[in-house]
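Contents: one structure, followed by commentary.
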Number of protein chains: 2
Amino acid sequence: MAELRNLISQGYIRVSGGKARLTAKGSRYAAELGLKALNDEKCVKYMIPSEFVPVLNEYKKLVKSRPNPVEKYDQGYIGDTDAILRLAFMYERGDLEGASVLILGDDDMMGIAFALTNLPKRILVLDIDKRIIEYEKKVAAEKDLRIEAKLYDASQPLDKSLRGKFDVFLTDPVETLEGIKVFLSRCASAIKANGAGYFGVTHLEASLKKWLEIEKMLISMNLVITDILRDFSIYPTKDNIGLAAHNYPITNMLKELGAGEIDSDFFRSSFFRVEAIDEPKPLIKGKVDIREAMYKDDESLVTSKIAGR
Amino acid sequence: MAELRNLISQGYIRVSGGKARLTAKGSRYAAELGLKALNDEKCVKYMIPSEFVPVLNEYKKLVKSRPNPVEKYDQGYIGDTDAILRLAFMYERGDLEGASVLILGDDDMMGIAFALTNLPKRILVLDIDKRIIEYEKKVAAEKDLRIEAKLYDASQPLDKSLRGKFDVFLTDPVETLEGIKVFLSRCASAIKANGAGYFGVTHLEASLKKWLEIEKMLISMNLVITDILRDFSIYPTKDNIGLAAHNYPITNMLKELGAGEIDSDFFRSSFFRVEAIDEPKPLIKGKVDIREAMYKDDESLVTSKIAGR
């Protein structure tokens with residue numbers, strides 16, 4: 001924000017019609033520096049393998065009447081295509097076929113996607129939001145899909161019967177350090193020795209300093225990072241931020257800059273894959289007493305409203 | 001190997017004509033387990049942005065008479081397309097335009113590729129092999145490319161004049177823990193605060209246990225991992241292993257299995273991107289006295305001959 005304010009006040013860029021553009025002065029300065037216009041053609045592309053297209057089509061139908069995301073639980077869901085991309089990547093890594101999969105927090109309705117492939121041996125969805133649990137149970141019953149879904153609050157230890165029982169976990173942790181430590185610990189305690197795990201982390205709400213702390217946690221839990229796929233999951237703005245009141249820090253920042261409504265899908269996350277070296281060692285084992293600290297910190301720009309801070 | 005030997009001796013698979021296939025017994029067993037044939041269509045694809053195709057074409061011509069890789073220095077080079085892919089990814093991340101780039105070990109001739117884009121401010125190639133230095137200097141002189149190239153042995157500390165001077169490093173470290181610690185330390189000492197770095201690590205010669213150690217090193221050097229792209233770089237067998245004597249551990253393993261000559265490009269590496277949080281802290285600062293230990297360990301299957309062990 002400081003950088004943008006500087007560039008605007010010094011006359012290098014100008015914001016109008018919701019877009020920032022170089023002024024004549026800005027263009028001259030860029031030329032002086034020898035800078036060229038950005039070519040934004042990406043060299044890493046994500047595509048759903050044809051085998052999973054029928055799963056995508058069915059998934060789209062089944063999640064149509066899903067519950068709306070609520071701020072209270074830091075919810076927000078990824079696009080349909082990106083949900084199936086996650087599934088495809090997990091399949092590619094050998095983590096889906098014949099696997100017991102634990103999903104901690106499933107506003108993305110991945111339980112339904114996995115079940116549609118008929119590949120996993122067991123699918124367990126844990127969520128704090130009973131609307132999610134009920135929705136997945138209803139779909140499972142109607143479509144005869146093998147999904148278990150249980151109400152679970154991550155501040156409580158994982159039930160003994162679930163510890164060390166899964167081949168793979170998938171979660172989209174809240175992005176406070178406290179929150180992510182709890183989420184990843186619960187997941188780590190759920191998987192077997194040499195099990196694998198997947199989760200998303202953003203750059204918008206997690207600085208690289210926070211990333212470094214997250215990576216430290218992973219390493220100390222015996223989880224090696226094997227893949228990090230940038231911008232693998234995109235959260236469609238219309239389905240998420242648009243549904244809640246527009247009182248997020250980012251909305252106010254944009255107003256200050258003179259930008260209009262958010263019309264791009266700016267909220268993205270990188271997809272991590274980790275694998276346990278021998279036994280995973282969860283950092284947190286017992287009950288934790290965190291409320292606000294779990295969902296909100298100074299880097300929350302989108303997933304928490306200002307009023308709630 | 002033990003797993004393969006078991007499957008063969010129990011009659012589940014059979015190796016012939018250089019390929020392993022399920023026997024009738026193996027197929028029945030797979031069906032019993034409910035396993036389906038693998039769909040190996042990838043969901044992550046790497047493509048060179050059209051802007052860099054002319055660079056690729058020119059690069060191909062200029063590296064045609066490059067020196068052959070030698071085992072002594074753990075050499076082996078990536079395919080032309082993959083070299084330009086690395087460049088494209090670095091550009092995409094904002095690490096090429098206007099940047100000072102240090103390349104430590106350049107049998108891949110990335111100095112030439114970078115110079116052809118005219119994007120970096122400075123390109124310095126350091127290599128222990130004077131054939132590489134001379135080749136890049138010759139090409140630079142003939143084609144009027146801005147490449148500095150200097151003889152350098154990574155067991156020696158980096159010259160003072162180079163410390164903290166670069167925005168970005170690129171290296172393809174040897175894969176012993178000692179070797180990688182030295183390479184990454186030299187690179188870390190070369191970059192500025194908040195600088196970035198790129199390097200490749202394989203799964204073939206580096207177990208996940210070793211990956212965990214490498215990641216520990218990175219974290220303790222204040223380098224956060226921002227991207228890990230699996231199989232981003234492929235080493236064409238015909239250009240590499242084919243050129244040296246066929247006396248690698250892997251060749252003998254294949255012989256034992258009854259497989260023929262290696263006819264696929266099996267040697268691949270994941271591409272890491274790291275970024276320094278504030279000042280990078282190299283683990284090694286002074287001179288190190290390592291010879292064999294730098295290039296060879298128990299996980300060296302391809303880059304070292306048995307005789308050299």
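The shown structure was predicted, so the numbers you read here are calculated from the model rather than taken from an experiment. Below, chains carry the letters A, B, ... as their sequence lines are ordered, and counting in each starts from 1.
Of the inter-residue distances, the one linking B/Glu215 atom CD with A/Lys216 atom NZ reads 14.5 Å to the nearest 0.5 angstrom. Put simply, CD1 on B/Ile219 and CD1 on A/Ile219 are 5.5 Å apart, with the number rounded to the nearest 0.5 Å. The distance from the CZ atom of B/Phe52 to the SG atom of A/Cys43 is 9.0 Å, given to the nearest 0.5 Å.
Within a 6.0 Å sphere centred on NZ of B/Lys210, other residues, nucleotides and ligands contribute more than 12 heavy atoms. When the shell of 6.0 Å around NZ of A/Lys36 is examined, it contains more than 12 heavy atoms from other residues, nucleotides or ligands. At most 12 non-hydrogen atoms from other residues, nucleotides or ligands lie less than 6.0 angstrom from OH of B/Tyr29. No more than 12 heavy atoms of other residues, nucleotides or ligands shown are found within 6.0 angstrom of NZ on A/Lys281.
Heavy-atom distances place the side chain of A/Ile277, and not its backbone, under 4.5 Å from chain B. Only the backbone of A/Leu223 comes within less than 4.5 Å of a heavy atom in chain B; its side chain stays farther off. Neither the backbone nor the side chain of B/Leu218 comes within less than 4.5 Å of any heavy atom of chain A. Contact of A/Leu33 with chain B is not made at all, since no heavy-atom distance falls under 4.5 Å. Interface remark: A/Lys121 contributes no atoms to any contact with chain B (heavy atom separation under 4.5 Å). For a residue to count as touching a neighbouring chain, one of its non-hydrogen atoms must lie under 4.5 Å from one of that chain's; by this rule A/Ser220 does not touch chain B. Heavy atoms of A/Asn118 lying under 4.5 Å from chain B belong to its backbone as well as its side chain. Only the side chain of A/Arg93 comes within contact range of chain B, with heavy atoms under 4.5 Å apart. Of the atoms belonging to A/Ser207, not a single heavy atom falls under 4.5 Å from chain B.
Comparing B/Lys42, B/Lys209, B/Glu275 by heavy-atom pairs within less than 4.5 Å of chain A, the highest count is held by B/Lys42. Counting heavy-atom pairs closer than 4.5 Å to chain B, the top-ranked of the candidates A/Val201, A/Thr226, A/Asn39, A/Ile214 is A/Asn39. The greatest number of non-hydrogen atom pairs below 4.5 Å with chain B, out of A/Asp278, A/Leu38, A/Val224, A/Asn222, is found for A/Val224. Between chain B and the residues A/Lys45, A/Arg273, A/Glu213, the largest count of heavy-atom pairs under 4.5 Å involves A/Lys45. Between chain B and the residues A/Leu119, A/Leu35, A/Asp40, the largest count of heavy-atom pairs under 4.5 Å involves A/Leu35.
Taking the side chain as every heavy atom from C-beta outward, A/Phe272 and B/Ile225 never approach each other to under 4.5 Å. Side-chain contact between B/Glu92 and A/Glu41: absent, with no pair of heavy atoms (C-beta onward) separated by less than 4.5 Å.
Applying the side chain to side chain contact (heavy atoms under 4.5 Å, CB included) test between B/Val44 and each of A/Leu85, A/Leu229, A/Asp227 identifies A/Leu229 as the sole match.
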